[in-house]
Amino acid sequence: MQWSRWKAGTQGLDFGMFSQIVYNCQQGKGALSSLINWRWEHFLTHHFSLFYYPLGYLANFLGGAELCLIFFHALAIFCTQLIIYRLVRFLGEPQETALLYVSLFTLLPSIRISMLWEVRDEIYALPFLLYAILSYLRGRHLVAISSLLASYL
């Protein structure tokens, strides 16, 4: 759905700002955007989101900033669904319950909105946060701390 909205030119302001940031990182200019307070500003003055830098480098391989954003946004949502499934299964619940939790997660308004309408930067932290919880429950504390630290980026 995100791809079709991008092709139709109906994405929101956040998508424009994030794709502009990824494009500028791709060009080596840093995380600059002209859509913050309607003048050129560095994005890190508003959000501590360092993941735009690697996305800028990966955009060269994924067909541009917009496709890179859409791809990694969809990947983050898919990974979050997978980790929710594995977390619920680890807690001893049957497969049907795990699938119910994944479905309920997908129906959350912020997830539905981010899948259908816009790219949201907080979605990128979810897989790392949930993987930190799963790692902690499995007794892998160093992995849990590393994943928790990665969620801050």
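- Pairs passing the side chain to side chain donor-acceptor pair (under 3.5 Å) check and including a residue from residues 85-109, sequence neighbours excluded, read Gln81-Thr106.
- With sequence neighbours left out, Leu75 forms a side chain to side chain contact (heavy atoms under 4.5 Å, CB included) with Phe71, Phe72, Cys79.
- When hydrophobic residues (I, L, V, M, F, W, Y) are linked wherever their side-chain heavy atoms come within less than 4.5 Å, the members clustered with Leu104 are Leu100.
- In this view, Leu107 satisfies the side chain to side chain contact (heavy atoms under 4.5 Å, CB included) rule with no residue, not counting sequence neighbours.
- The shortest distance between side-chain heavy atoms of Thr80 and Ile84 falls below 4.5 Å.
- What you find for Ala132 and Ser147 is that their closest heavy atoms are N-OG, 3.6 Å.
- Residues Ile77 and Val88 fall within the same hydrophobic cluster, defined by Ile, Leu, Val, Met, Phe, Trp and Tyr side chains chained together at heavy-atom separations under 4.5 Å.
- Applying the side chain to side chain donor-acceptor pair (under 3.5 Å) rule to pairs touching residues 130-146 yields Tyr131-Arg140, sequence neighbours excluded.
- By the rule that hydrophobic residues join a cluster once side-chain heavy atoms approach within less than 4.5 Å of another member, Leu82 and Phe90 end up as members of separate clusters.
- The hydrophobic cluster containing Leu142 does not contain Ile83, counting ILVMFWY residues as joined when their side-chain heavy atoms lie under 4.5 angstrom apart, directly or transitively.
- Inter-residue side-chain proximity for Leu137 and Leu87 is flagged as met; some heavy-atom pair is nearer than 4.5 Å.
- Residues Phe128 and Ser151 approach most closely at CB-CB, 3.6 Å, considering heavy atoms.
- By the 6.0 Å contact criterion, CZ on Phe78 is open, its count of non-hydrogen atoms from other residues, nucleotides or ligands being 12 or less.
- Of all the heavy atoms in Ala76 and Pro127, the pair that sits closest is O-CG, 3.4 Å.
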